Amino acid sequence: MEIIVARHAGFCFGVERAIDIVKDAAKEYNKVVTFGPIIHNPQVVGELKEAGVATIKTLDEVSDDMSVVIRSHGIERQEADYLSKNAGNVVDAACPFVKKAQKAAEKLSKSCDFIVILGEADHPEVKGIVSYIDIPYTVIENADDIDALENVEKIGFLAQTTQNKSVFEKAAEKLKTKCRELIVVKTICSATERRQEAAIEVASKVEVMIVVGGKNSANTTRLYHLCKEICPQTYHIETADELNSEMFKGVKSVGLTAGASTPTYLLEKVREYILEVAI
């Protein structure tokens with residue numbers, strides 16, 4: 001059996017940076033917590049919990065003896081303001097690409113009449129981005145959602161950092177029909193683009209594709225859907241425990257990729273399992 005691992009898979013720069021920041025904070029401060037899961041991977045969050053770094057979900061849990069780490073997906077502007085006033089210490093581990101998107105949204109709200117964000121409205125990253133907007137806006141999931149928009153003079157357009165580039169470009173073209181002027185800010189991170197391109201490349205060559213990553217991870221879920229369009233036998237799993245030998249029965253080629261919040265060791269365990277089954 002041939003196993004092909006995507007050239008770009010696993011931890012991205014922003015996630016790796018966030019994990020390092022949390023670990024450094026745990027060494028420097030006594031009571032370290034993350035506001036929301038630091039990344040969308042339950043295994044990593046569980047490991048941090050075992051190391052003494054808890055996760056809080058609401059601002060009501062914040063106290064002045066805590067060092068609160070801002071998650072990689074960023075937080076809402078009002079949440080950041082609250083933490084600065086009520087937490088003992090605030091450590092910012094938000095991905096620089098996410099912060100760029102927040103700043104872009106804030107800037108566009110000063111120069112446009114309406115803002116469109118390509119993304120998932122309920123995702124914490126998108127909630128953080130829209131909190132910096134002071135004018136009317138909408139969040140769309142694809143270009144079809146643009147049909148319902150009213151025509152305005154000037155539209156600003158940006159995306160959640162883990163969105164698909166081709167969907168973004170298609171939506172941008174369609175938005176031109178809804179305004180006199182369109183300001184496009186490219187906020188999809190380069191790591192996302194590379195992962196998607198590499199995953200698609202592998203999926204086109206194999207019979208079975210395995211995508212490893214948190215079920216609550218937006219970028220991993222997007223990788224899964226992209227691969228499944230090409231390779232029908234695509235599975236999204238969090239750990240090797242979700243695999244079974246029947247998935248690989250009679251299969252000669254398997255592809256592997258992992259979301260940006262998936263540690264390398266989880267991907268390697270999946271690879272080891274497939275090798276055992278193939279023997």
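The basis for the numbers below is simple: all heavy atoms, side chains too, and nothing from hydrogens, waters or symmetry mates. Source: prediction; values computed, not measured.
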Worksheet entry | Lys174 atom NZ, over 12 foreign heavy atoms within 6.0 Å | yes

Practice prompt. State yes or no: do Val206 and Ile230 share one hydrophobic cluster built from I, L, V, M, F, W and Y residues joined by side-chain heavy-atom distances below 4.5 Å, directly or via other members?
Written response: no

Fill in: Within 6.0 Å of CG in Asn244, more than 12 heavy atoms from elsewhere
yes

Discussion item. Contact between Val270 and Leu256 at the side-chain level, heavy atoms closer than 4.5 Å - yes or no?
Written reply: yes

Discussion item. Quick check against the 3.5 Å criterion: does Gln160 have a side-chain atom that pairs as donor or acceptor with the backbone of Glu125?
Written reply: no

Item to complete: Drop me the distance from Ile39's CD1 to Glu16's CD, to the nearest 0.5 angstrom.
Response: 10.5 Å

Practice prompt. Assess whether atom NZ of Lys269 is packed by more than 12 heavy atoms of other residues, nucleotides or ligands within 6.0 Å.
Written response: no

Item to complete: Keeping the roles fixed (side chain from Thr34, backbone from Pro37), state whether a donor-acceptor pair exists under 3.5 Å.
Response: no

Discussion item. Between Val45 and Thr55, does the side chain to side chain contact (heavy atoms under 4.5 Å, CB included) criterion hold? Intermediate values first, please.
Written reply: CA-CA 8 Å; Val45 172; Thr55 300; 3.8 Å; yes

Fill in: Within 6.0 angstrom of Lys228 NZ, more than 12 heavy atoms from elsewhere
yes

Worksheet item: Quick check: does any side chain N or O of Thr262 sit under 3.5 Å from a backbone N or O of Ala258, one acting as donor and the other as acceptor?
Response: no

Worksheet item: Taking atom NZ of Lys107 and atom CG of Leu158, what is their separation to the nearest 0.5 Å?
Response: 12.5 Å

Fill in: Test item: Glu193 side-chain N/O and Ser190 main-chain N/O as donor-acceptor pair under 3.5 Å
no

Item to complete: Of all the heavy-atom pairs spanning Tyr273 and Ser245, show the shortest one and how long it is.
Response: OH-N, 3.2 Å

Discussion item. I'd like to check Lys252 versus Met1 (side-chain heavy atoms, cut-off strictly below 4.5 Å). Are they in contact?
Written reply: no

Item to complete: Give the cluster check for Val69 versus Tyr82: same hydrophobic cluster or not, with ILVMFWY residues linked at side-chain heavy-atom distances below 4.5 Å.
Response: no

Fill in: Side-chain heavy-atom pair Val208, Tyr235 within 4.5 angstrom cut-off
yes

Discussion item. Are more than 12 heavy atoms, taken from residues, nucleotides or ligands other than Arg271, located less than 6.0 Å from that residue's CZ atom?
Written reply: no

Fill in: Cys112 side chain near Ile135 side chain, heavy-atom distance below 4.5 Å
yes

Worksheet item: Is there a donor-acceptor contact under 3.5 Å linking the side chains of Glu61 and Thr58?
Response: yes

Fill in: Gln78 atom CD: more than 12 heavy-atom contacts under 6.0 Å
yes

Fill in: Minimal non-hydrogen separation, Gly214 against Pro42, with atom names
CA-CD, 4.1 Å

Worksheet entry | Atom pair CG (Asn89) and NZ (Lys31), whose distance is rounded to the nearest 0.5 Å | 14.0 Å

Fill in: Under 3.5 Å donor-acceptor, Thr187 side chain and Ala159 backbone
yes

Worksheet item: For Thr239, does its backbone N or O pair with a side-chain atom of Glu242 as donor and acceptor, under 3.5 Å?
Response: yes

Practice prompt. Answer yes if Ile75 and Ile38 sit in the same cluster of Ile, Leu, Val, Met, Phe, Trp and Tyr residues linked by side chain heavy atoms under 4.5 Å apart, and no otherwise.
Written response: no

Discussion item. Apply side chain to side chain contact (heavy atoms under 4.5 Å, CB included) to residues Ile133 and Glu106 and explain how you reach the verdict.
Written reply: CA-CA 5 Å; Ile133 299 175; Glu106 185 175 26; over 6 Å; no

Practice prompt. Would you check if Tyr29 and Val91 make a side-chain contact, meaning some heavy-atom pair closer than 4.5 Å?
Written response: yes

Worksheet item: Which atom pair, heavy atoms only, marks the closest approach of Ala101 to Thr161?
Response: CB-CG2, 4.5 Å

Discussion item. One thing to verify: whether Asp134 and Lys110 come together as a salt bridge, which I'm taking to mean a side-chain N less than 4.0 angstrom from a carboxylate O.
Written reply: no

Worksheet item: Can any side-chain N or O of Arg17 pair as donor or acceptor with the backbone N or O of Ala94 at less than 3.5 Å?
Response: yes

Item to complete: Assess whether salt bridge (Lys or Arg N to Asp or Glu O under 4.0 Å) is satisfied between Glu201 and Arg7, documenting all intermediate values.
Response: CA-CA 9 Å; Glu201 180 184 348; Arg7 288 179 293 113; 3.0 Å; yes

Discussion item. A quick test of your reading: do over 12 heavy atoms of other residues, nucleotides or ligands sit less than 6.0 Å from NZ of Lys23?
Written reply: no

Discussion item. I need the minimum non-hydrogen distance between Thr234 and Cys231, along with the two atoms involved.
Written reply: OG1-O, 2.5 Å

Discussion item. Side chain to side chain contact (heavy atoms under 4.5 Å, CB included) for Ile210 and Leu243? Distances and angles first, verdict last.
Written reply: CA-CA 9 Å; Ile210 306 296; Leu243 298 174; 4.0 Å; yes

Discussion item. Would you say the ring centers of His40 and His73 fall short of 6.0 Å from each other?
Written reply: yes

Item to complete: Consider only side-chain heavy atoms of I, L, V, M, F, W and Y, link residues closer than 4.5 Å, and tell whether Tyr132 and Tyr137 are in one cluster.
Response: no

Worksheet entry | Any donor-acceptor N/O pair, Arg194 side chain to His8 backbone, under 3.5 Å | no

Worksheet item: With side chains defined as the heavy atoms from C-beta onward, is the minimum distance between Val116 and Leu175 less than 4.5 Å?
Response: yes

Response to the item:
Here the pair of heavy atoms bringing Cys12 nearest to Ala191 is CB-CB, 4.1 Å

Fill in: Smallest separation among heavy atoms of Val53 and Ala26, with atom names
CG2-CB, 4.0 Å

Worksheet item: Okay, side chain of Glu207, backbone of Ser253: is any donor-acceptor separation there less than 3.5 Å?
Response: yes

Fill in: Parallel, tilted or perpendicular: ring planes of Phe168 versus Phe157, cut at 30 and 60 degrees
parallel

Worksheet item: Hey, what do you get for OG1 (Thr221) to NE2 (His225), rounding to the nearest 0.5 Å?
Response: 6.0 Å

Worksheet item: Should Phe248 and Met209 be regarded as members of a common hydrophobic cluster, given that ILVMFWY residues are connected when their side-chain heavy atoms come within less than 4.5 Å of each other, either directly or indirectly?
Response: no

Worksheet entry | Pairwise distance CG(Asn219) to CG(Asn164) - rounded to 0.5 angstrom | 12.5 Å

Discussion item. Set out, in order, the CA-CA distance, both residues' side-chain angles and the distance that settles salt bridge (Lys or Arg N to Asp or Glu O under 4.0 Å) for Arg222 and Glu120, then state yes or no.
Written reply: CA-CA 11 Å; Arg222 197 156 292 109; Glu120 300 159 53; 2.5 Å; yes

Practice prompt. Using a strict 4.0 Å threshold on nitrogen-to-oxygen distance, state whether Glu76 and Lys127 make a salt bridge.
Written response: no

Worksheet item: Quick one: are Asp92 and Lys99 in side-chain contact, heavy atoms under 4.5 Å?
Response: yes

Fill in: Check: Leu149 main-chain N/O paired with Lys178 side-chain donor or acceptor under 3.5 Å
yes

Worksheet item: Does a side-chain heavy-atom distance below 4.5 Å link Gln43 with Pro263?
Response: no

Practice prompt. Please round to the nearest 0.5 Å and tell me the distance separating atom OG of Ser166 and atom CD1 of Ile200.
Written response: 7.0 Å

Worksheet item: Are Asp64 and Asn86 close enough, and set up right, to give a side chain to side chain contact (heavy atoms under 4.5 Å, CB included), and what steps lead you there?
Response: CA-CA 6 Å; Asp64 59 11; Asn86 295 278; over 6 Å; no

